[in-house]
2 protein chains.
Amino acid sequence: MQSMESRASNNTETVTSRLRALIMDGTLPQGEKITETGLAALLQVSRTPVRLALAALEQEDLVRGAPNRGFHVRRFTIDDMREILDVRATLEGMAARLAAEKGLTGDEESLLRSCIEELAALIATGQHDQAAFRTFSSINIRFHTHIARIAGNAELIRLMERNPFRSAPLLHILPAEEALQVLRESQRDHIRLLEAILQGQGTRAEFLMREHALLPLSKATQLFDHINTNTAMRSIQQAG
Amino acid sequence: MQSMESRASNNTETVTSRLRALIMDGTLPQGEKITETGLAALLQVSRTPVRLALAALEQEDLVRGAPNRGFHVRRFTIDDMREILDVRATLEGMAARLAAEKGLTGDEESLLRSCIEELAALIATGQHDQAAFRTFSSINIRFHTHIARIAGNAELIRLMERNPFRSAPLLHILPAEEALQVLRESQRDHIRLLEAILQGQGTRAEFLMREHALLPLSKATQLFDHINTNTAMRSIQQAG
DNA sequence: TTTCCATAGATTGCATGCAATGTTCTCAGT
DNA sequence: ACTGAGAACATTGCATGCAATCTATGGAAA
C-alpha cells in the first residue's frame with residue numbers, strides 16, 4: 001500500500017508524492033491556486049516534472065485544472081468526503097466478499113489473526129492518546145490491505161489505492177471517549193469479519209465490511225453538525 | 001459519459017484520446033512498445049503532449065511504463081478482463097442501490113422508461129446484425145449512465161468513467177442467436193431493475209444490476225474456452 | 001563456441017525558450 | 001465615480017536541446 005510514496009527514482013514521482021503530501025496535510029489549503037512556476041520554485045525543480053505531477057494528481061482528483069488557467073487544490077465538502085467514503089466502503093466490501101468466496105490459506109488466516117490480536121492488546125491497555133490512535137490505524141490498514149490482497153483482484157486494489165482516504169478512522173477529531181468506543185466497535189467488526197470470511201459467507205462479509213468502513217464517519221456526523229474538512233483531511237493523513 | 005473523448009481544445013487531450021482509441025481498437029496491439037518519439041512522429045506533435053498523454057493512460061492502466069525504459073501497451077489477459085468487469089459490476093450495483101434509495105423524479109423515471117421502450121422496439125424487429133447491436137449498446141449505455149447520474153455520487157461516476165469497459169456487451173463476438181438471447185435477457189433485467197428502483201428496493205436493485213453487468217461475460221465464457229482479448233477489446237470499442 | 005566487456009546508438013528525463021492564452025491594471029470617456 | 005477598452009503582465013501549452021540512462025552490437029578472451 002505504501003507503494004505510491006517513497007519509491008522515487010525520478011523527480012516526477014518525488015514531486016507527485018510531495019505535492020500530495022502538501023495537499024493532504026493542509027500545507028496547501030483547499031482552493032489554493034497552484035502555479036507551475038510557483039511549485040517549481042518551491043520544490044527546486046523545473047516546470048516539467050511539476051506539470052506531470054499536476055496531471056497525475058488531477059486524475060486522482062486532488063487538484064483541479066481549467067485549460068490555460070492552471071490548477072487549484074480541490075475543495076472537499078463534507079458531502080465529497082461522504083461520497084468518497086461511500087465508494088470506499090463498497091470497494092472494501094467487495095474485497096471482503098471475494099476473500100470469503102476464495103477462502104484463506106493458513107498463512108493468510110494467521111496474518112489476519114495476528115492483526116486482530118495486536119489490536120486487542122492495544123485496546124486492552126486503555127490508552128487513548130494520539131500515539132495509540134496512530135498505532136491502531138497502522139495495524140488497521142494492514143488488516144484491510146491484507147484482505148484486499150487475498151481478494152486478488154488487481155483492478156480492485158488499484159482503485160482502492162487511488163482512493164484519497166485509505167483507512168479513514170477520523171479518530172483524531174473525535175473526543176477521546178468516543179474514539180475509544182470506535183476502536184472497540186471496530187475490533188468487534190474485525191472479529192466478525194474474519195469469522196464470516198473463514199466460513200465463506202461472502203455476502204455477510206461484504207455487508208459487515210461496509211458497515212465497518214462507514215462507522216467512523218457516522219460517529220463523527222452524529223457528534224458534529226459540520227465537520228471541518230481541512231481538519232478531517234489532516235486527521236486522515238496523520239492516520240496513514 | 002462521452003466527456004472523456006472529443007472535447008479537446010489542447011493537443012494533450014487530443015493525443016490522449018487518439019492514443020486511447022489506437023489501443024482500444026487494436027491498431028496498437030497488446031504488448032506493443034511505445035516510444036515517445038515514435039508516437040510524436042505518428043501524431044505529428046512534439047514529445048511533450050505525448051509524454052503527458054502516456055502518463056494519463058498509465059494511470060488508466062492502458063499502458064505500462066518502466067522507469068527510463070518507456071512504455072508498452074498493456075496486455076489484457078482474460079483474467080484481467082474478468083477482474084475489470086467484476087469491479088465494474090460492483091460499481092454499477094452501487095449506482096443502482098443509490099438510485100433506489102434516493103428515489104426517482106418523474107423526469108428520471110420517464111427517461112429510463114423511454115430507454116426500455118426503445119430497446120423493446122429494437123428487439124421486436126428481430127434484427128441481429130452489427131448495426132442492431134450497436135444501436136442496442138448505445139441505448140444500453142444511456143440507460144446505465146442515467147442510473148449512475150441519478151445515484152448522484154461524483155466519485156462513483158469518476159471511477160466508472162475510468163473503467164476501460166464502459167458497457168461491455170461483448171455481443172460482437174457471440175454467435176447471432178446467442179447474442180439475441182443476451183439482448184432479451186438484458187431487457188428483462190432492465191425491466192426488473194427499474195421496478196426495483198421504483199419500489200426503493202436498494203439491495204435487490206444492486207444485485208440485479210451485478211448479475212446484469214456480468215451476463216455477457218458469463219455467456220461468452222460458457223461458449224469459448226479461451227477468448228481472444230484483442231478481439232474482445234475491439235468488440236467493446238465498437239459497442240461504445 | 002561461448003561469455004564478458006566496451007562502445008555506440010537509442011530513448012527517456014529534465015530544463016528552458018517562445019508563442020498563445022488569460023488576467024489585471026490603467027486610463028480615457030461618459 | 002463608474003464603465004469599458006487596451007496594454008502590460010502573468011501563466012500555461014508546446015517544442016526542442018542536452019545530459020543521464022538503457023539497450024544492442026561487436027569484438028576479445030577463455
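We use all heavy atoms of the structure for the numbers below, so side chains are in, but hydrogens, waters and symmetry mates are not. Not measured: the values here are computed from a predicted model. Labels below follow one simple rule: chain letters A, B, ... track the order of the sequence lines, proteins then strands, and each chain is numbered from 1.
- Between the CG atom of B:N11 and the P atom of C:dA19 there is a distance of 17 Å, rounded to whole Å.
- Taking 4.5 Å as the limit, some side-chain heavy atom of B:E60 sits within range of a side-chain heavy atom of B:L57.
- Between C:dT16 and A:R47, no contact under 4.0 Å exists linking OP1 or OP2 to a side-chain N or O.
- Between B:H72 atom NE2 and C:dT11 atom P there is a gap of 16 Å when expressed in whole angstrom units.
- When the C1' atom of C:dT23 is taken as reference, atom CZ of A:R69 falls 10 Å away, rounded to whole Å.
- Out of D:dA15, C:dC14, C:dG22, the shortest distance to the side chain of B:P49 is found at D:dA15.
- With distances taken from any side-chain atom of A:S46 to the nucleotides C:dT16, D:dT12, D:dC14, the minimum falls on C:dT16.
- Interatomic distance, B:L91 CG to B:E155 CD, rounded to the nearest 0.5 Å: 10.0 Å.
- A:T35 has no side-chain polar atom (N or O) that falls below the 4.0 Å cut-off from OP1 or OP2 of D:dT12.
- A salt bridge is defined here as a Lys NZ or Arg NE, NH1 or NH2 lying under 4.0 Å from an Asp or Glu carboxylate O, and A:E161 with A:R158 fails to meet this definition.
- For the pair B:E58 CD and C:dG13 C1', the interatomic distance rounds to 14 Å; values are reported in whole Å.
- The nearest whole Å value for the distance from the CG atom in A:N10 to the P atom in D:dC22 is 11 Å.
- The CG atom of A:N68 sits 5 Å away from the P atom of D:dG13 (whole-angstrom rounding).
- The phosphate of C:dG13 (OP1 or OP2) has a side-chain N or O of B:R51 nearer than 4.0 angstrom.
- Between B:L62 and B:M24, the shortest heavy-atom distance links the atoms CD2-SD, 4.2 Å.
- Across the interface with DNA chain C, nearest-nucleotide mapping of A:V45 and B:E36 shows B:E36 to be the residue nearer the 5′ end.
- Between A:T48 and C:dC14 there is no side-chain N or O to OP1 or OP2 distance below 4.0 Å.
- Aromatic ring orientation, A:H190 versus A:H212: perpendicular (interplanar angle above 60°, classes split at 30° and 60°).
- Rounded to whole angstrom, the span from the CZ atom of A:F71 across to the C1' atom of D:dT11 amounts to 12 Å.
- B:I34 comes within 4.0 angstrom of the backbone, heavy atoms only, and of no base.
- One interatomic measurement links the two molecules: CD of B:Q44 to C1' of D:dC14, which rounds to 15 Å at whole-angstrom precision.
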